[in-house]
Amino acid sequence: MSWHRGTLVGFDLETTGTDVESDRIVTAALVRLDPDGTVAEQRTWLLDPGVVIPEQASAIHGIGTDHARKHGTRAASAVEEIAHAVAEVLRSDVPLVVMNARYDLSLLDRECRRYGLPSVEERVDGAPSPVIDPLVIDKHVDKYRKGKRALQALCDHYGVTLDGAHDATADAVAAVRVVRRMGERHRPVATLPPDELHALQVRAAAEQSASLQAYLRRTSDPAAVVESAWPLIPRSG
C-alpha cells in the first residue's frame with residue numbers, strides 16, 4: 001500500500017518568530033490521521049516560552065504573552081514531552097508530515113539544546129526519518145508553477161480546506177491532507193517507499209536551496225547563502 005493511503009502523523013509548531021537559533025515554541029500539535037482521513041488521535045501543547053511573544057507573532061497565531069504565562073506549561077517540561085512524542089512516531093516508522101520541516105524540526109532541536117534535553121535525533125539514534133514535507137515535494141513535482149507555496153496556497157491548489165490557519169492542530173491536519181492529495185496526483189512520488197521518499201526530499205531540498213541561492217546572488221545579494229540541509233539544520237558550534 002502506498003504511503004499516502006496509510007496512517008500519517010502531522011506535526012506543527014507556532015512560535016515567537018522565524019529564527020531557529022533564537023525563537024521559541026508557543027504551541028505544538030501532533031495529530032494522527034487514519035487512512036480514511038479522520039483524526040484518530042491528537043496531542044496539543046501551549047507553552048510559556050519564557051520570553052515576550054512579539055506582537056507580530058501574536059497577530060499570526062493569536063497567543064499573547066499574558067495568555068501564555070497564565071495558561072502555558074513550563075517550556076522545559078513541554079519541550080521534553082514534544083520531543084518524546086515526535087521520537088515515538090519516528091520509531092514507529094509512521095511517516096511524520098511537517099510543512100517546512102527544516103524550520104519546525106530545527107527549532108525543536110534548538111529548544112532541546114536550550115533546556116539540556118536529548119534531541120529527537122539523539123532519541124531515534126539518527127536523523128529524523130521518515131519525514132514528508134509538503135513544501136519540498138510540491139516544489140519538486142511542480143517546479144515552475146508560479147505563486148506562493150505557503151500552506152494556505154497549497155491547500156487552495158490541492159483542494160484541501162484549512163479551517164483556522166496558524167492554529168497548530170489545523171495546520172498539522174491540513175498538511176497531512178495536502179500530501180495525500182499530492183500522492184493521488186503524482187504517482188512517481190506515491191509509489192516510493194517512505195525511506196526512499198525521504199531520501200528524495202533530502203536531494204530535492206538541497207537542489208531547491210542551491211537554485212534560490214543562485215537566483216539571489218544573481219539578482220539582489222552576491223553573498224546570499226541559503227541553507228541546504230533538510231529536514232534538520234545542523235547545529236553550529
Side-chain angles (χ1 to χ4, degrees), residues 4 6-20 23-49 51-73 75 78-79 81-83 85-86 89 94-108 111 131-139 147-185 231:
H4 71 290
T7 298
L8 296 171
V9 175
F11 177 60
D12 188 74
L13 301 177
E14 297 298 326
T15 66
T16 60
T18 59
D19 186 339
V20 299
D23 282 306
R24 313 293 180 90
I25 299 170
V26 178
T27 63
L30 203 60
V31 186
R32 181 180 298 268
L33 274 73
D34 283 340
D36 65 1
T38 60
V39 174
E41 181 182 357
Q42 66 183 55
R43 293 189 66 183
T44 60
W45 294 265
L46 169 64
L47 285 65
D48 173 3
V51 299
V52 173
I53 301 173
E55 290 183 6
Q56 305 96 302
S58 296
I60 293 171
H61 53 60
I63 307 297
T65 302
D66 290 344
H67 181 83
R69 286 175 176 169
K70 183 176 181 180
H71 301 286
T73 301
V79 169
E81 291 181 7
I82 296 166
V86 168
V89 173
V94 174
L96 183 71
V97 178
V98 193
M99 175 69 184
N100 194 12
R102 179 185 279 142
Y103 174 75
D104 283 36
L105 293 181
S106 297
L107 181 57
L108 176 57
E111 286 277 55
V131 175
I132 300 177
D133 187 337
L135 179 62
V136 173
I137 294 177
D138 184 63
K139 288 181 178 180
K148 296 180 179 179
R149 308 270 183 155
L151 182 59
Q152 181 65 70
L154 294 187
C155 286
D156 293 341
H157 181 71
Y158 287 97
V160 171
T161 299
L162 174 53
D163 294 320
H166 300 296
D167 170 86
T169 301
D171 285 359
V173 170
V176 170
R177 290 177 175 163
V178 163
V179 296
R180 287 198 198 281
R181 292 289 176 86
M182 289 178 176
E184 292 167 2
R185 289 194 191 183

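Any value given below was found using the heavy atoms of this structure, including those in side chains, with hydrogens, waters and symmetry copies removed.
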What is the distance from atom OG1 of T169 to atom CH2 of W45, rounded to the nearest 0.5 Å? 9.5 Å
Return all side-chain donor-acceptor pairs below 3.5 angstrom for residues 25-35, not counting sequence neighbours, or 'none' if the list is empty.
none

Under 3.5 Å, sequence neighbours excluded: what are the donor-acceptor pairs made by side chains of residues 52-61?
unit_1, atom_1, unit_2, atom_2, d
S58, OG, P54, O, 3.4
S58, OG, I63, O, 2.8
H61, ND1, I63, N, 3.1
H61, NE2, T15, O, 3.0
H61, NE2, A57, O, 3.3

Once you round to the nearest 0.5 Å, how far does CE of M182 lie from NE2 of H4? 12.5 Å
Closest heavy-atom pair and its distance - L105, P231: CB-O, 3.8 Å
With sequence neighbours excluded, residues passing side-chain contact (heavy atoms from CB on, under 4.5 Å) with N100: R102, Y103, L135
Do the side chains of F11 and V131 get nearer than 4.5 Å, heavy atoms only? no
If every non-hydrogen atom of L47 is compared with every non-hydrogen atom of A68, which pair is closest and at what distance? O-CB, 3.5 Å
Using side chain to side chain donor-acceptor pair (under 3.5 Å) as the criterion, list what pairs up with D36, not counting sequence neighbours. T38
With heavy-atom distances below 4.5 Å as the criterion, would you say the side chains of D133 and V98 are in contact? no
According to side chain to side chain donor-acceptor pair (under 3.5 Å), who are the partners of D104, at least two apart in sequence or on a separate chain? none
Sub-4.5 Å side-chain heavy-atom contact between L8 and R180: yes
Could you go through residues 153-166 and list every donor-acceptor pair under 3.5 Å that involves a side-chain atom there, pairing it with any protein atom two or more places apart or in another chain?
unit_1, atom_1, unit_2, atom_2, d
D156, OD1, Q152, NE2, 3.1
Y158, OH, D138, OD1, 2.7

Atom pair CG (L46) and OG1 (T73), whose distance is rounded to the nearest 0.5 Å: 6.5 Å
What pair of heavy atoms forms the shortest contact from R43 to A85, and how long is it? NH1-CB, 3.8 Å
Keeping the roles fixed (side chain from R24, backbone from G17), state whether a donor-acceptor pair exists under 3.5 Å. no
